[in-house]
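The structure appears right after this line, and notes come after that.
Quick note on labels: first sequence line is chain A, next is B, and so on, each numbered from 1. None of the values given here were measured: they were computed from a predicted structure.
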Number of protein chains: 4
Amino acid sequence: MKMNNSKVDSLLTGGESGELTDKQKRIVEAAIEMFSEKGFAASSTSEIAKRAGVAEGTIFRHYKTKKELLLAIVTPVMGNLVAPFIVKDLEKVLEKDYEFYEEFLEAMVRNRQAFIQKHLSIVRILVQEIPFHEELRGQFIEHVAKDLYARFANIVSHFQEKDELVQMPPSSVVRLTISSILGFFLARYIFLPEHEWNEEEEIEMTIQFIMNGVKAR
Amino acid sequence: MKMNNSKVDSLLTGGESGELTDKQKRIVEAAIEMFSEKGFAASSTSEIAKRAGVAEGTIFRHYKTKKELLLAIVTPVMGNLVAPFIVKDLEKVLEKDYEFYEEFLEAMVRNRQAFIQKHLSIVRILVQEIPFHEELRGQFIEHVAKDLYARFANIVSHFQEKDELVQMPPSSVVRLTISSILGFFLARYIFLPEHEWNEEEEIEMTIQFIMNGVKAR
Amino acid sequence: MKMNNSKVDSLLTGGESGELTDKQKRIVEAAIEMFSEKGFAASSTSEIAKRAGVAEGTIFRHYKTKKELLLAIVTPVMGNLVAPFIVKDLEKVLEKDYEFYEEFLEAMVRNRQAFIQKHLSIVRILVQEIPFHEELRGQFIEHVAKDLYARFANIVSHFQEKDELVQMPPSSVVRLTISSILGFFLARYIFLPEHEWNEEEEIEMTIQFIMNGVKAR
Amino acid sequence: MKMNNSKVDSLLTGGESGELTDKQKRIVEAAIEMFSEKGFAASSTSEIAKRAGVAEGTIFRHYKTKKELLLAIVTPVMGNLVAPFIVKDLEKVLEKDYEFYEEFLEAMVRNRQAFIQKHLSIVRILVQEIPFHEELRGQFIEHVAKDLYARFANIVSHFQEKDELVQMPPSSVVRLTISSILGFFLARYIFLPEHEWNEEEEIEMTIQFIMNGVKAR
DNA sequence: TATGAATGAGAGTTCATTCAT
DNA sequence: TATGAATGAACTCTCATTCAT
């Protein structure tokens with residue numbers, strides 16, 4: 001019987017570790033495994049229970065429904081997908097920790113890559129299930145489309161004022177930047193994860209590519 | 001009872017229309033609707049039958065299993081997603097129908113956008129189900145990752161020889177081009193379809209953005 | 001497409017050959033194959049149709065129900081299982097074609113063995129389905145348990161009067177004789193058909209065995 | 001609702017009674033009833049559930065498939081059909097508990113008759129389903145055709161050495177003995193159970209009959 | 001708190017039978 | 001006469017969820 005008490009980290013507990021019992025952790029881990037392998041709808045609670053080494057009933061003691069289990073897994077990651085960036089980096093940027101957009105981009109991409117890598121399975125679940133669950137779509141739009149977008153636009157404005165970036169609507173710069181990065185992340189981690197990637201080089205190229213498209217001339 | 005005999009076009013019949021009976025068409029349409037709304041696993045054959053206005057058994061007379069129905073819907077689109085581009089446009093490009101990479105890009109993006117728009121639901125299904133079905137992943141890799149990639153790289157080489165494009169490995173130019181375009185398409189049609197998009201402008205910008213990143217200096 | 005026009009012989013037509021169309025014959029053959037392999041309940045009309053190379057509907061044009069098809073196959077054989085014996089041999093016996101019980105036994109066993117061998121599949125179906133179909137049980141009891149039994153007992157009486165057989169109730173002589181022979185046939189053709197049998201020897205021994213048990217002392 | 005907690009005895013539990021829950025017992029009983037009445041293929045799990053007074057799902061909680069239910073019922077009886085005879089009686093015979101073959105025959109027949117009578121329905125299922133299930137045929141051949149046959153032949157040799165039995169190949173003595181007994185049992189319990197039988201007398205006669213056929217002269 | 005037997009609705013699939021062609 | 005698309009009931013089996021222990 002697994003005694004894993006580190007794989008599911010504080011992310012899922014809302015910050016204070018130790019809130020999840022050992023069995024709860026095993027349930028969450030098993031669910032993450034299955035959801036990301038076969039999708040939410042095709043995963044059965046009975047197999048999750050089996051993989052977690054708990055009784056079927058135990059799952060429902062902790063999560064009223066199967067869907068609640070999904071949300072418990074996916075919601076905190078969705079928040080953190082953008083949260084740290086927003087909080088920390090935004091300040092850093094405005095406090096001139098980053099003198100150039102490229103520097104900021106570099107830091108952000110690497111930071112988000114690390115995050116995605118660490119929570120790969122959950123991010124995969126998130127991407128796969130968003131189209132089918134209103135709640136997820138709602139959260140996603142609020143956090144990403146609004147929050148992140150707005151703050152990111154601020155940052156872009158900041159660098160435009162410093163004449164580093166081309167005078168294009170900030171929203172467009174953001175869109176282009178994000179979709180280039182997202183394009184890479186999706187290809188790298190979701191659609192073609194088995195392909196052999198030269199990550200370092202690809203990232204560098206992607207950033208250069210973006211810079212060529214948005215730097216002031 | 002619907003009498004739709006045009007929505008499911010020749011794509012699904014392998015070219016010659018009229019191969020699908022009226023009921024078969026209704027089954028396919030209902031399935032496309034449901035699969036793209038709720039996902040394959042969460043769609044039940046009984047509801048597909050109900051929506052199609054046929055008996056449940058009728059579905060299985062035409063498609064041995066639910067999965068075969070999925071493949072019958074998705075496979076031809078997967079082929080056509082890249083096929084026309086490959087066959088027609090490749091020749092056009094090499095026969096100098098397009099003098100500039102930008103011209104070619106423009107034509108290709110618009111052509112593929114039209115295709116995606118026309119078969120939006122099916123493309124959505126494709127994107128959503130690829131991670132869960134080996135057959136689909138296999139087809140996708142063969143068609144897109146290999147076929148399209150290789151031919152696209154040829155085109156890029158062609159324009160590099162004409163000194164229009166930067167001297168970067170063709171595969172990287174391809175990757176960057178595709179992931180920018182894909183990034184847009186995914187955002188536009190899959191992840192944020194409800195957002196109000198100024199398509200014309202976004203496409204133009206995306207192309208400009210790509211050109212900035214890849215044109216010879 | 002099979003053009004078999006000899007395998008299903010006149011037995012199934014009620015005597016006059018040519019009554020069954022080519023398709024009908026193929027249906028009957030396919031049904032015999034399947035019923036004896038998988039049993040009546042586990043055989044589907046659709047597979048019978050496939051094996052016969054006809055449309056599903058065609059079966060029901062000739063036989064109103066699946067059960068009627070079973071009866072059409074099994075009934076004539078059931079009749080003939082005992083009929084010829086009764087008619088011809090009974091007379092022969094009484095007209096002293098057979099001077100000794102052993103002679104009669106020998107002739108009967110060989111004759112019935114030939115019959116069973118020729119119609120093995122159908123006999124197998126008969127044995128397997130009798131417990132589940134009242135009609136069959138009814139026919140069987142009437143033909144075998146009554147008809148054959150009664151006539152057989154007459155024959156035994158005949159030989160008892162000639163002092164060839166022990167003075168035991170004729171019904172018991174019949175029962176012992178039949179169950180010894182049946183025991184052999186069941187083992188040989190139904191339960192252990194794959195076992196390597198030395199038929200000639202076994203039959204001889206079985207008859208000797210019976211004779212030892214029933215001959216006058 | 002039946003509260004039968006004795007009909008399904010320790011045979012099905014592997015020896016230790018109390019291993020089957022009340023519902024499990026009811027399922028097994030209902031299944032035995034139905035299988036022996038209508039045959040395995042023609043019995044539906046939904047009707048078994050109804051007769052057992054449980055939900056259909058409950059059946060599949062205890063037996064993964066319908067076939068597993070069949071095997072769970074039939075396998076232990078198949079083993080016990082020959083096992084006790086082999087173990088106990090063999091020793092008894094060789095340790096001269098039985099001085100004469102006839103004595104041994106008598107004991108064996110009565111003992112097996114009691115067993116068949118007690119487990120009649122299951123034996124009926126066994127006989128009916130053997131032709132359609134490889135597993136059963138395999139078990140049957142191993143247990144009966146090999147095990148029992150070999151040991152029985154030993155016993156016959158034993159009595160042949162004592163000059164009680166005719167000098168015929170032991171395998172033939174066994175075959176004749178068994179098929180006479182089997183012929184009686186099949187007629188008595190499987191094919192013509194409704195006929196009025198004078199059991200005592202029939203058995204006695206059968207044994208006499210066998211003895212006449214096999215005793216030394 | 002944790003269990004796992006039990007549930008019954010509903011899953012995908014097969015079936016014997018019908019009927020318009 | 002023969003077809004095979006169509007049916008819908010019934011099939012075996014799985015599911016998320018409940019609840020007595």
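Rounded to whole angstrom, the span from the NZ atom of Lys50(C) across to the C1' atom of dA2(F) amounts to 19 Å. Note: NZ (Lys25(C)) to P (dA2(F)) measures 13 Å, nearest angstrom. Ile48(D) has its CD1 atom 17 Å from the C1' atom of dG8(E), to the nearest Å. Atom pair Leu70(B):CG and dG12(E):P shows a separation of 13 Å (rounding to whole Å applied). In this structure, Ile27(C) places its CD1 atom 14 Å from C1' of dT17(E), rounding to the nearest Å. Put simply, CD on Glu47(A) is 17 Å from P on dG4(E), counting in whole angstrom units. Distance, Met34(D) CE to dA10(F) P: 14 Å, rounded to whole Å. One can place CD of Glu56(C) at 16 Å from P of dC19(E), the figure rounded to the nearest angstrom.
Toward the 5' end of DNA chain E, the nearer of the two residues Phe40(B) and Phe40(C), judged by each one's closest nucleotide, is Phe40(B). With DNA chain E read from its 5' end, the first of the two nearest nucleotides for Ser44(B) and Ala55(A) is the one closest to Ala55(A). Residue whose closest nucleotide on DNA chain F sits further toward the 5' end, between Ile59(B) and Ala41(D): Ile59(B). Ranked by how close their nearest DNA chain F nucleotide is to the 5' end, Ser43(A) and Lys23(B) are led by Lys23(B).
OP1 or OP2 of dG12(E) lies within a sub-4.0 Å distance of a side-chain N or O belonging to Thr45(B). For Thr21(C), no side-chain nitrogen or oxygen approaches OP1 or OP2 of dT1(F) to under 4.0 Å.
Side-chain contact between Ile73(D) and Tyr63(D) is absent, with no heavy-atom pair separated by less than 4.5 Å. Between Ile27(C) and His62(C) there is a side-chain heavy-atom pair separated by less than 4.5 Å. Residues Pro131(D) and Gln128(C) have side chains in contact (heavy-atom distance under 4.5 Å, counting atoms from C-beta outward).
To the nearest 0.5 angstrom, Ile125(D) atom CD1 is 10.0 Å from Glu37(D) atom CD.
In this model, a donor atom of one side chain and an acceptor atom of the other lie less than 3.5 Å apart for Thr45(D) and Glu56(D).
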request  = Before giving the answer on side chain to side chain contact (heavy atoms under 4.5 Å, CB included), spell out for His133(C) and Leu70(C) the whole-Å C-alpha distance, their side-chain angles and the decisive distance to 0.1 Å.
outcome  = CA-CA 10 Å; His133(C) 306 272; Leu70(C) 171 69; 3.8 Å; yes

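For the segment residues 60-69 of chain B, residues with any heavy atom less than 4.0 angstrom from an atom of DNA chain F are, sorted by number, Arg61(B), His62(B).
Between the side chain of Ser43(C) and the backbone N or O of Met34(C) there is at least one donor-acceptor pair closer than 3.5 Å. Side-chain atoms of Arg26(B) do not come within 3.5 Å of backbone N or O of Val54(B) as any donor-acceptor pair.
Remark: Glu29(D) does not engage Lys25(D) in a salt bridge, criterion side-chain N to carboxylate O under 4.0 Å.
Each end of the helix from dA2(E)-dT21(F) to dT21(E)-dA2(F) gets its own rotation axis from five pairs of C1' atoms, and the angle between them is 0° to the nearest 10 degrees.
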